Amino acid sequence: MFSFWGNINTKESSDNQIEGEKNTNTGNNNNNKGDSVNTSENYITKKGNNINNIENNNNSNNSNNLNNNNNNNNNNINNNKMSTLTTERNITNSPTAAQLNEKESGKKEEEWIVGVLTTSDRVTQGIAIDQSGPEIVAIIKNQLKQMMGETSSINVVTVYKVVPDEIEHIQQMITQWTHLKYKLILTTGGTGFTPRDVTPEAIKPLLNRRTKGIEIAMLKTSLDITPHAMLSRPIAGIRDQTLIITLPGSVKAIRENLGVVLPAIPHAIGLINSQPKSSLPESHRSKDYNKNSQKIDSNLIIDHNNNNNNNNNNSHSHNHSHNHGHHHSCGGSGKRGSSYNMTPVDEAIKIILQQCDSINNGLEKVEITKSLGRILGEDISSVEPFPNFRASIKDGYAIRSKDGIGHYRLLGDSVAGNTGENLIPPQSSSNSNVDEKYCVRITTGAKIPDGYDSVVMVEETEMIGDNIVSIEVACKVGQDIRDIGSDIPAGTVVLNKGDKIGCAEIGLLATLGIQWVHCPKLPSISIISTGDELADYQTTSDSMKSGIIRDSNSPTLATILQEISNHFGECCSRDNINLVGIIPDKLENLKDSLLDCSKKSDIIITSGGVSMGHLDLVKPLLEKIGTVHFGRVNMKPGKPLTFSTITTTGDNEEKKKTTLVFSLPGNPVSTVVTFYLFVVPALRKLGGFGIKNNGSQLNLPCVEVKLLDRIQLDHERPEYHRCTIEWDFQEHCFVSKSTGSQASCRLLSLKQANALLVLPQKHGHLEKGTMVKAILIGPIN
């Protein structure tokens with residue numbers, strides 16, 4: 001049920017049987033810049049041909065309205081004399097509007113299913129938001145039907161999926177869709193040069209015929225814009241009755257490529273499916289190339305990057321790597337005078353983790369009883385075997401297996417802690433005809449005395465006289481005996497570098513006689529609150545002046561550092577947290593404090609002074625004394641978050657020290673939320689959590705939850721909504737309850753909150769019962 005935020009799996013609702021034939025399956029909700037594309041699929045099994053019709057539910061508008069995001073207004077597409085591309089149908093006994101229209105017009109409606117497949121490891125793992133797939137869906141919905149003509153009776157339905165960059169996963173989805181007779185499949189991503197770009201290799205073997213003309217048209221269009229297009233490897237072709245085209249991962253490149261091929265797609269599908277009219281000469285002439293036909297109507301397309309300040313109008317990404325090809329995030333703008341672009345959350349985290357590489361504190365020696373929650377910095381091997389003596393597994397009698405069933409003379413007891421000496425069976429007498437049998441009473445875990453090779457449990461024996469035991473079963477050699485090193489042979493690696501130390505690991509280390517371990521040295525931290533309006537949190541009410549508030553951020557951050565270590569593992573030095581206190585809004589005071597802390601600490605956390613006010617001095621100051629890596633983040637709350645580095649030199653001029661500076665917004669809720677999302681991954685990386693699993697454990701764990709509230713969405717930014725989650729044993733899933741008003745100044749929204757709901761940037765609401773992902777910030781009750 002649990003997954004780390006670097007490894008999130010989207011849950012699909014289970015199929016429900018309807019009327020004995022119809023199965024409905026609700027897919028994922030996916031958001032992009034502007035309005036998210038909500039793709040819901042209803043799979044209906046038809047009698048006879050076993051073809052699945054897949055329906056998409058549009059957003060809150062009815063089926064005759066499309067969501068136009070040009071000015072964040074909902075425009076009725078009918079006013080533009082366009083027909084909707086998807087039909088929202090309820091599976092009931094009553095006829096739908098489409099069916100009634102069909103009866104009136106006498107036309108039989110044909111359904112074209114278009115599959116849109118995003119290939120991306122990062123989106124699959126939940127560490128990036130897909131923009132490319134939803135962009136294709138929006139273009140198909142807004143443009144394809146229009147190109148067919150208003151009189152067309154074809155109903156276009158889109159199905160959207162995301163798979164990792166694995167050949168097997170890609171081929172499995174393509175094969176399934178072609179078997180279901182999809183008319184068109186469009187993939188995005190994975191067409192570049194990196195080792196994980198495998199989409200062409202997955203698609204090629206599946207094609208019956210290549211369509212080189214489509215590939216050349218896309219390449220030519222992109223090469224006319226940028227020479228970097230040569231780094232793209234498009235593939236197009238036909239499998240059975242399905243046209244398959246691979247598109248780049250860049251939203252801009254998708255628009256360019258679809259702009260040139262989309263006008264020909266209806267005609268191509270008609271030819272592939274042997275429609276008589278498509279083969280007539282006049283039909284070919286009517287489809288002749290028109291330069292105006294390749295232009296995508298920009299008013300009908302969701303612009304993911306319309307706010308990015310980009311001075312290079314020719315900048316273009318053709319997915320020559322996964323870091324550049326998949327822009328699965330939302331852009332920002334320079335509105336309201338800000339000189340900083342809005343950085344997507346996942347991109348901001350990536351920048352922070354890259355800067356963590358400049359800090360290398362090495363390893364420190366830690367006594368095992370103080371290592372709970374720490375990360376091992378080296379492999380641990382057993383110096384000696386365990387057990388280091390032959391030990392009994394049960395209470396019973398140690399015997400020689402060759403003596404078999406019979407009466408045994410009891411020589412004594414071997415109990416846990418005894419050496420077992422003086423209990424060796426005497427040698428057989430040369431004058432006796434029958435060897436006398438000897439045994440030793442033994443307890444679980446006790447040493448097996450030399451000369452004995454098996455143990456009979458006490459339940460299979462009987463004491464029949466003084467020191468005489470009747471053994472009633474035969475034994476084999478080694479029965480109920482733990483041999484030397486049977487649990488852990490000498491030299492065995494028992495713990496690996498990167499392992500988190502828990503109580504069981506400490507017990508194992510103690511068992512092997514290991515008293516000290518080496519762990520990555522935890523980062524030292526300084527905490528600064530800024531603002532003339534602040535007073536120490538210990539200030540009494542009668543001492544408070546009008547217009548002054550108590551500083552809550554310093555004590556909150558100091559304790560949250562300890563709380564996060566308690567819940568998710570030690571990631572900071574509890575003994576090296578420097579509470580600087582309150583620094584007034586004066587440039588020299590701030591400068592002195594930041595430079596002084598940068599010499600002492602690995603990380604500086606400030607709160608306040610990063611917005612747009614004339615006394616918000618932190619950003620301009622950091623630009624002078626350090627390097628600002630980003631100054632705004634596309635999220636709510638916490639947009640003004642700023643991340644910087646300060647490099648100083650010590651007594652040795654050649655040795656430079658880098659300090660990470662997290663400048664959090666001053667509102668208490670924004671401070672806490674941005675700490676969890678951005679500071680924690682850096683702390684965990686410096687604490688060694690990224691040693692294993694390629695850094696996938698750096699973010700806090702994430703689970704999928706069912707909403708118990710109807711939640712308003714923000715159409716400008718993704719939101720991190722405070723909530724309380726718990727396991728519902730009747731629903732068999734996690735459920736979330738909102739903490740109420742989410743104002744960034746309202747501390748009560750954090751009260752009892754143990755998770756942050758990750759809400760998409762979108763108009764409207766998420767209804768009660770919707771499944772969304774939630775980042776854990778505390779224990780689950």
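Atom set for the values below is all heavy atoms of this structure, side chains included, hydrogens, waters and symmetry mates excluded. Here the structure is a predicted model, which is why all the values come from computation and not from measurement. Sequence positions, counted from 1, serve as the residue numbers for this chain.
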Counterpart residues, side-chain hydrogen bond (donor to acceptor under 3.5 Å, both in side chains), relative to Lys394 (two or more places apart): none
Residue pair Ser529 / Ser554, side-chain donor-acceptor N/O under 3.5 Å: yes
Separation between CG of Asn388 and CD1 of Ile484, rounded to the nearest 0.5 Å: 7.5 Å
Side chain to side chain, Val366 and Ile501, heavy atoms closer than 4.5 Å: no
Exercise: do Asp602 and Ser524 side chains pair donor with acceptor under 3.5 Å: yes
Interatomic distance, Lys500 atom NZ to Glu505 atom CD [nearest 0.5 angstrom]: 9.5 Å
Residue of the set Lys370, Arg374, Lys521 for which salt bridge (Lys or Arg N to Asp or Glu O under 4.0 Å) holds with Glu364: Arg374
Distance-only donor-acceptor check, side chains Asp453 and Ser401, under 3.5 Å: yes
Gln515 CD: over 12 foreign heavy atoms closer than 6.0 Å: no
Under 3.5 Å side-chain donor-acceptor pair for Glu570 and Ser573: no
Residue pair Glu704 / Phe734: nearest heavy atoms and the distance that separates them: O-CB, 3.7 Å
Ser358 side chain vs Gln355 backbone, donor-acceptor pair below 3.5 Å: yes
Heavy-atom pair of closest approach, residues Leu677 and Pro681: O-CG, 3.3 Å
